[in-house]
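Here is the structure we will look at.
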Protein chains: 2
Amino acid sequence: MPRRAQTEVAVLGALSTGPMTGYEVRAAIGETLGHFWHESFGQIYPTLAALEEAGAVRPAPSGRRSRTVYEITADGVDRLRDLLSEPHRAPPARNGLLLRLFFGTHLPDGAPADLLADAERQAEAALEHYAEVRDEITGDDSPEQAYRTMTLAFGEHVARAQLAWARECLAALPDAEGGGAGARG
Amino acid sequence: MPRRAQTEVAVLGALSTGPMTGYEVRAAIGETLGHFWHESFGQIYPTLAALEEAGAVRPAPSGRRSRTVYEITADGVDRLRDLLSEPHRAPPARNGLLLRLFFGTHLPDGAPADLLADAERQAEAALEHYAEVRDEITGDDSPEQAYRTMTLAFGEHVARAQLAWARECLAALPDAEGGGAGARG
DNA sequence: AGCAGCATGTAAGTGGTTACATGATTGT
DNA sequence: ACAATCATGTAACCACTTACATGCTGCT
């Protein structure tokens, strides 16, 4: 399966919740899939045009001429189901933080500690964000929310893992390396 | 900083451990950075050519004419240090597994359970691999190995998190959804 | 002689970002 | 009037993968 198809999944998935403009599709993806997916306008508009060409979406009547509200068609729902069913090929991992840390001996004193402190902060911020999202979606026990909760739980697990890892590594760093990040602990 | 620079980091980092051919650079990256980095030949050879042009690497004498062994120059070491010091911009996340799971209600019965079972297996396999790598590098307390151990620990933490998450989600799935993955537990 | 693995490289295509250009709508 | 934001789209560029083409080396 071409990776391009994944953008179609995101767009069709967003439209499966209701008619939207391209602009709103992007916002919807950012709000609901934000911590594990992302699309830029440069992807969304051409994808919407291709999906319309293929009959998977169609313009819906809207009050203003300056915007095009798209709705998913029956063919589009089928297409979404088909795309979702295709096997999932994960692209090779690329983690810039680990790439830098791996060559930590080539870095100036304190730089590895700074990298780890950044990772710690990122994880903390992510956990705060997830807590807010959890608050928003509690009380809803629809099937959709069950899956949404699973993806949220993934983010939480990984963020907690990163947080624990960063703290362990900071604690294990020799004092000489910790100078750049200031006093810690 | 252009993302291209990260390939340079990987290549220069590999060469910082000793002279190598492009083929060997790729193998070295795959072996030591494998769980968080990857380069294809289509990236490595042009990058080596560009680095040679820039004076960061140079061909070293080798027995055979059919291969070019590169070694890092003093300029190359400087360049590596400079590249490593540049701020790290993480590209937007894209997790195909979560994208599929999020739209789980559009999937046939059992498909979400299959996705989770796959994730569980992946994490188990990763942990087995990491255990082997740990065995290989224990007993070496050089600074290089300290950083290598940190990147390994990251992989372990994240894999354990994914494993726990997948099992929790599988346990939480209603029975009707578990059929496709067979009896579990 | 033949095969597996070493080794180098290029071309085509994909997926994606970024920056730019443009204009409508809404709120103050 | 002005600013912010909604809204659409394109062009240029970048990073990367994949497939292909080619040949060498070492082993059996």
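Order of the sequence lines sets the chain letters (A, B, ...), proteins ahead of strands, with each chain counted from 1. Keep in mind that this is a model prediction, so the values were computed, not measured.
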Query raised in the report: According to a strict under-4.0 Å criterion, is A/Arg89 in side-chain N/O contact with OP1 or OP2 of D/dT18?
Result: yes
Report task. Determine the contact category for A/Arg94: base if any of its heavy atoms lies under 4.0 Å from a base atom, sugar-phosphate if only primed atoms, P, OP1 or OP2 are that close, otherwise nothing. Result -> sugar-phosphate
Query raised in the report: Looking only at heavy atoms, which two atoms of B/Pro112 and B/Pro108 are closest? And how far apart?
Result: CD-O, 3.6 Å
Query raised in the report: When you measure from the side chain of A/Pro92, which nucleotide among D/dT17, C/dT25, D/dT8 comes out closest?
Result: D/dT17
Query - Whole-Å distance separating the CZ atom of A/Phe41 from the P atom of D/dG9 - result: 12 Å
Report task. Write down the distance between CD (A/Glu52) and C1' (D/dT8), rounded to a whole number of angstrom. Result -> 13 Å
Query raised in the report: Taking NZ, NE, NH1 and NH2 as the nitrogens, is one of them in A/Asp82 or A/Arg79 under 4.0 Å from a carboxylate oxygen of the other?
Result: no
Query - B/Tyr23 OH - C/dA4 P separation (whole Å) - result: 14 Å
Report summary line: Rounded to whole Å, CZ of A/Arg67 lies from C1' of C/dT26 at a distance of 12 Å
Query raised in the report: Can a salt bridge be assigned to the pair A/Arg81 and A/Asp78 using a cut-off of 4.0 Å between side-chain N and carboxylate O?
Result: no
Query raised in the report: Are any of B/Thr7's side-chain N or O atoms less than 4.0 Å away from OP1 or OP2 of D/dC16?
Result: yes
Requested in this report: Write down the distance between CG (B/Leu48) and C1' (C/dT10), rounded to a whole number of angstrom.
Outcome: 15 Å
Report task. Please determine if B/Arg167 and B/Glu120 form a salt bridge, counting it only when a charged side-chain N lies under 4.0 Å from a carboxylate O. Result -> yes
Report task. Pick base, sugar-phosphate or nothing for A/Gly22, based on heavy-atom distances below 4.0 Å to the nucleic acid. Result -> sugar-phosphate
Requested in this report: Can you sort out which residues in residues 29-40 of chain B have a heavy atom within less than 4.0 Å of DNA chain D? Ascending by number, please.
Outcome: B/His38, B/Ser40
Query raised in the report: B/Gln43 CD to D/dC14 P: how many Å, rounded?
Result: 13 Å
Report summary line: Between A/Leu15 and the options A/Ile72, A/Val77, A/Leu51, the side chain to side chain contact (heavy atoms under 4.5 Å, CB included) test singles out A/Ile72
Requested in this report: Specify the separation, in whole Å, of atom CD of B/Glu24 and atom P of C/dG9.
Outcome: 14 Å
Query raised in the report: Between A/Ile44 (CD1) and C/dG16 (P), how many Å, whole number?
Result: 12 Å
Requested in this report: Quick one: list whatever passes side chain to side chain donor-acceptor pair (under 3.5 Å) with A/Ser142, sequence neighbours left out.
Outcome: A/Asp140
Requested in this report: State whether the side chain of A/Trp165 and the backbone N or O of B/Gly155 hold a donor-acceptor pair below 3.5 Å, judged by distance alone.
Outcome: no
Query raised in the report: Distance check: side-chain N/O of B/Ser66 vs OP1/OP2 of C/dT8, anything under 4.0 Å?
Result: no
